[in-house]
Amino acid sequence: MGADYRMDAQQGKSCREAVYSNEYYDLIFDYISGYPRLESGCYQRVSDQYDIAYYARDQVPELNLQDYPYLTIPKCFGLSDLSALESSGILRLQNPEGLDLLGQGILVGFVDTGIDYTHPAFRNLDGSTRIAGIWDQTVEDGIPPEGFGYGQYFDEDSINRALQSEQPFGIVPSRDELGHGTFLAGVACGNADPAQDFSGAAPLASVAMVKCKQAKPYLREYYVIPESVPCYQENDLMMGMAWLMDLADQLGKPLILCVGMGSSMGNHAGEEPISMLADNYGRRRGRAIVIPAGNEAAARHHYSRTGLGEGMRERIEISVGENVPGFYLEFWAAVPEIYRLAVLSPGGERLEEGSGTEGRISHRFLFERTELTIDYTAAGARLGGQLIYLRFTDPYPGIWTIEVIPELVLEGTFHCWLPLTELMKGEVYFLRSSPDTTVLVPGFASVAVTAGAYQTAGGGISPESGRGYSILGDVKPDIAAPGVGVYGTEPGGGYGVRTGTSVAAAVTAGGCAQIFQWGIEENNFQYLNSRDLSQLLIRGAIRDTDRIYPNTSYGYGRLDVYRALDTLRRGI
């Protein structure tokens, strides 16, 4: 797709400045429903549904939920961190005596922290690269991909020139400082290294990487995220997904797209912009989306209640530790239910309940010196549910109590979520929490393959692995894959061990590349897409006899790519 699709060429320089400047707000707009465009703003198209707008902060209202619809404000995402291949049925498909499926002809793309392109795991036998391209969003003065207004694009030729140089980073100055993207890419499609007893799931697949830039300071401040914590903006992830789709089109290759990040924000129904974009892409032939379930099940950051009737009240208790600079809480209820809230401080001061309709309440607790704002708003493109957004600044340590008062109820059901553990400083949790409905966004995207994490030894689910279902009852995660103590590639040419559902997603992505090779590249089943892959993996999943499926932890069972492909071959 050309530059005229993504961005007006005359806007390139000004938009590049806006992308990196903290003096501009980044906003996500639904293109189909329309929105007012400011002459001073600049815009970049993500897809036929979404635009990213950049507005000068001194020309628009301060960021808040009264002046900006909830879904337009980008959410902040955090990182979701060879026995694994054997237990997943992947090695049986790699075996030359079997089907010899190593990912040939498939592009596996990642939206993550970058990649160490010098690592032997991503080089051919002649020393050339297996990486088809890197879009480094953090480079402010480079040449971006065509039609994308920021960052720098390094193609296969430039990476090869760098690898032939004694100073490769002088030619391609893109690094993976955190190692997360390098690890996932290696687990999914790193070269076999017998000396290290290592192989990726699809070691002959092509690789592409988006290195996401960090979130702007104004968003960190809005979400009370410490400066030192890695976090990434929803709109940058969406742009990364769009670039990978374009690259796959240019190369004429099927694409497995793996997003190794997640957010606890939103109503957990799959209607956030990034989730809906994932569904849009995943429905296309030869395209599949793989998402980690996240690692929040044991964090005590979800609270839910059902059956609250009129005249009843529910007390939600939140423990706040020492030296917490602030946090937010999202309270969600489905249409047509309406609630209002009262807040009781640890010292006993009470903020009386506000209105259950639109509006904002700001309050300073006298003795605790804590600032609290409460926004009442309607949110949700599909559900139109009620959102109450609470933001605490300098919260006094102790037990804070939120009293829930129903105004209009049918089922009396609501959910509350706190931020990701990685995006908070200090300890904040619900005293009476629920580990369910903790799969992270965009894991509730309907056609995505969402992977939880289990331990290969014994098959037990990781206690942290995000659990389902969605608030609509949709089954997520789809399957569980190895994600505890998995061996993989690290920057600098070495190897290490990591745990998390993002690792499980990488294993799953490599297995999906094997199926795409057999189906699309080898002309056995040309019309595979993300939904098809999800259904195949579900049919082939290993289900223990002592467990009922689907369930909130394992979804439909443990990943077995061989069994999944066998069901396709046998027409089950």
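Small disclaimer: the values here were computed from a predicted structure and weren't measured.
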- Sort and list the pairs that fulfil side-chain hydrogen bond (donor to acceptor under 3.5 Å, both in side chains) and have at least one residue in residues 224-242, not counting sequence neighbours. Asp26-Gln233, Asp26-Asn235, Tyr150-Asp236, Lys213-Asp236, Gln214-Tyr232, Gln233-Asn235

- Sort out for me which residue in Tyr24, Tyr25, Tyr43 forms a side chain to side chain donor-acceptor pair (under 3.5 Å) with Tyr55. Tyr43

- If you take all heavy atoms of Pro74 and Leu219, which pair is closest and at what distance? O-CD2, 3.8 Å

- State which residue, out of Leu372, Val320, Val428, Thr373, fulfils the side chain to side chain contact (heavy atoms under 4.5 Å, CB included) condition with Phe392. Leu372

- Message: Run Phe414 and Phe331 through ring-ring contact (aromatic ring centres under 6.0 Å, His included) and show every step you take.
- Response: CA-CA 7 Å; Phe414 63 83; Phe331 175 105; 4.8 Å; yes

- Message: Go through it in stages, so that I can follow the logic: the residues are Ile28 and Leu71, the test is side-chain contact (heavy atoms from CB on, under 4.5 Å), and I'd like the CA-CA distance, side-chain angles, deciding distance and then a yes or no.
- Response: CA-CA 7 Å; Ile28 303 171; Leu71 293 177; over 6 Å; no

- Do the side chain of Arg563 and the main chain of Ala541 share a donor and acceptor less than 3.5 angstrom apart? yes

- Can Tyr396 and Phe365 be said to form a ring-ring contact (aromatic ring centres under 6.0 Å, His included), step by step? CA-CA 10 Å; Tyr396 193 79; Phe365 288 88; over 10 Å; no

- Report yes if some heavy atom in the side chain of Cys416 is under 4.5 Å from a heavy atom in the side chain of Ile316; otherwise report no. yes

- Message: How close do Gly555 and Tyr549 get, counting heavy atoms only, and between which atoms?
- Response: O-CD2, 3.6 Å

- Message: Quick check against the 3.5 Å criterion: does Asn64 have a side-chain atom that pairs as donor or acceptor with the backbone of Gln66?
- Response: yes

- Under 3.5 Å, is there a donor-acceptor pair between the side chain of Thr456 and the main chain of Pro482? no

- Task: With Lys75 as the cation and Tyr70 as the aromatic partner, state whether NZ or CZ is under 6.0 Å from the six-membered ring centre and within 45° of the axis.
- Result: yes

- Can you find a pair of side-chain heavy atoms, one from Ile515 and one from Leu528, that are under 4.5 Å apart? yes

- Message: Exactly one of Glu411, Glu314, Glu337 should register a salt bridge (Lys or Arg N to Asp or Glu O under 4.0 Å) with Arg305. Which one does?
- Response: Glu314

- Shortest non-hydrogen contact from Cys212 to Gln137? CA-OE1, 3.4 Å

- Which pair of non-hydrogen atoms, one from Glu322 and one from Pro397, has the smallest distance, and what is that distance? OE1-CG, 3.7 Å

- Item | Any donor-acceptor N or O pair under 3.5 Å, side chains Thr421, Glu296 | yes

- Query: Should we say atom CD of Glu427 is surrounded by more than 12 heavy atoms from elsewhere, each under 6.0 Å from it?
  - Reply: no

- Query: Got a sec, which pairs hit ring-ring contact (aromatic ring centres under 6.0 Å, His included) with one end in residues 295-321, sequence neighbours left out?
  - Reply: His302-His415, His302-Trp417, Tyr303-Phe430

- Query: If you look at every heavy atom in Val441 and Phe77, which pair is closest and at what distance?
  - Reply: O-CE2, 3.4 Å

- Query: Could you give the distance from CD1 (Ile361) to CG (Leu351), rounded to the nearest 0.5 Å?
  - Reply: 6.0 Å

- Query: Is a donor on one side and an acceptor on the other found under 3.5 Å between the side chain of Arg300 and the backbone of Leu431?
  - Reply: yes

- Message: We want to know whether Gln49 and Ser47 form a side-chain donor-acceptor pair, criterion being a heavy-atom distance below 3.5 angstrom.
- Response: no

- Task: Taking all heavy atoms of Asp560 and all of Gly540, pick out the closest pair and write down the distance.
- Result: CB-O, 3.6 Å

- Task: Please examine the side chains of Leu387 and Leu65, heavy atoms only from C-beta on, and report whether any two atoms are closer than 4.5 Å.
- Result: yes

- Message: For Asn22, is there any backbone N or O sitting under 3.5 Å from a side-chain donor or acceptor partner on Arg57?
- Response: yes

- Message: Set out, in order, the CA-CA distance, both residues' side-chain angles and the distance that settles ring-ring contact (aromatic ring centres under 6.0 Å, His included) for Trp400 and Phe327, then state yes or no.
- Response: CA-CA 12 Å; Trp400 288 80; Phe327 67 95; 8.1 Å; no

- Inter- and intrachain pairs under salt bridge (Lys or Arg N to Asp or Glu O under 4.0 Å), touching residues 361-375, at least two apart: Arg360-Asp375, Arg364-Glu371

